[in-house]
Structures are given as structure tokens and as C-alpha cells.
Amino acid sequence: LIDQVGGEVQSRICENTVAVDAKQQLLLPGFIESHAHLLFGSMFNFGDIQLLGDANNTDDVVKMLTEYKDKHSADHPVIGLGAGYFDPPMTRQILDQVATNQTVVYASYDLHTMWANTYALEKAGILEVPEDKRKYIEADDKGLAIGILREAEAYTPVAPQMGILTAALGHRILRMSIDDPNVPDLNDPALRAEIKEMLAKGFEEYPKHGVTTVHSMDGDRQVLALFD
């Protein structure tokens, strides 16, 4: 709460007042994030390469992901976060320049789209795209995935390769498969502990950017219970 800006404040100072020298920095109220997928976003590894602000085209993405890959072991997935939408767009063939024998995936800044290389698509079983899935998984005239995965319906099959637990859990959190018997039970103690650890890392990120309140859009009552 900012009670007063400028004017005479000395008379309001008492023995219990805590004075902080802001050293010419700007003081703002905490930001309120009114639409966040807090839990789903927390499932991503914040240690992976951040593309936002530095990747301005597909060449930049390839360069940054390749540099990341070269610093890690050959079995380590190459995961990028925060890129924009480019014209011309990214394709699996372009991402194959980063690696052809390990997972290469990156997500847009809004998490509504991901792009994957041929290896990741084939391993997820979505390189050949059924006609009823082409609304979300873009395909060429031969029915092969271009590498653009729109919304969770398309990219949750790739999620296990990214270390995001399971595809079924991703569907659960986004409320798409709550009644599916194959969806994990969030009351399982081991699973709850793992998710809450990820969630704690997500919570740590918001204050760094001045966000003090978050409206989370994820999940059902079991998901809500994870926030206790």
C-alpha cells in the first residue's frame, strides 16, 4: 500500500517507523497477474535456456539452442522457453540443425505453442499426423508434422521428454481429461510432493519481476489443493 507520495512526511515518522533508502530506484505497487497457468508453467525447468528478448528469428533460436546443447550431455533434452512467433516460422527440419538424435523443443512466451524437431515428434508418436489431429498439429501435404504444436492437445505427448512428468498429467492440469481413468491421481503422496516442489520454484519467480498476486487458471479441486 502506497499511502502518500511527496509532501511533508517527517511528522508521520515515529519510533516504530522503518526507513528504507531506495537509492533513487522506482517504487511501484505489486503487479497482479490476472491470467497465469501457475502450476503448468512451474512444471517447466527454469534452468533451461530463456529465448525471450534474445531470439528474434529462427536462426537465433537455432544458435542459442545449439550453444545450450554443446554444454550438456548427449542424452540431455534441449528445451527452450519464451520465444516469439516468427515469419517465416520454425519447422522441425530447421530444429534438426540443432540435433537429430536427441529431443529439441521450445515453447512460445505464452505457452500456447511449441516447436519440436523430428526426433522428438517421432519419439512422441506424432510425426505422422491423423487428420483429426491436424487442427493442433500442423502437417504437410504428406501428413507429416511440420513441427508446430498448437495448444496442450498437441504438445502434451512430447511432455515426458521435457521432464514435465507425464502427458496425462498435463491434460489433467488443463482440465481436459479429468474423468479419464488413466490420468494420475493428484492425491498420491509421491506425485504431490514432486509437483509441490515444482510449484515452489514457480512461486520464487514471480516476486523477482514485481508480481505479488497471481490468478491461476489451472485445474480442478485436486489441483487447487496443491496450493495449500
- L121 and R92: CA distance, side-chain angles, deciding distance, side-chain contact (heavy atoms from CB on, under 4.5 Å) verdict: CA-CA 9 Å; L121 294 167; R92 62 180 172 88; 3.6 Å; yes
- Go through Y85 and D110 one step at a time and tell me if the side-chain contact (heavy atoms from CB on, under 4.5 Å) criterion holds. CA-CA 10 Å; Y85 295 85; D110 57 12; 2.9 Å; yes
- Run the side-chain contact (heavy atoms from CB on, under 4.5 Å) check on I94 and T91 step by step: do they pass? CA-CA 5 Å; I94 297 175; T91 66; 3.3 Å; yes
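Checked by atom type and distance alone, the side chain of K69 never pairs as donor or acceptor with a backbone atom of A99 at under 3.5 Å.
Between E67 and K63 there is a side-chain heavy-atom pair separated by less than 4.5 Å.
The two residues V105 and A116 have their closest heavy-atom pair at CG2-CB, 4.0 Å. Residues W115 and A107 come closest through the heavy atom pair CZ3-C, 4.1 Å. S216 approaches F227 most closely through the heavy-atom pair OG-CZ, 3.9 Å. A145 and I126 make their closest contact through CB-O, 3.6 Å (heavy atoms, listed as atom of the first residue, atom of the second, distance). Pairing each heavy atom of A120 with each of Q161, the nearest pair is O-NE2, 3.0 Å.
Donor-acceptor pairing under 3.5 Å is lacking for the side chains of E33 and H215. Judged by distance alone, the side chains of Y68 and H76 do bring a donor and an acceptor atom under 3.5 Å apart.
Pairs of residues two or more places apart, or lying in two chains, never qualify as ring pair (Phe, Tyr, Trp, His ring centres under 6.0 Å) while including a residue from residues 187-213.
Summarising the local packing, CD1 of I13 is surrounded by more than 12 heavy atoms from other residues, nucleotides or ligands at distances under 6.0 Å.
Atom-to-atom distance recorded for D60:CG and F86:CZ is 7.0 Å, nearest 0.5 angstrom.
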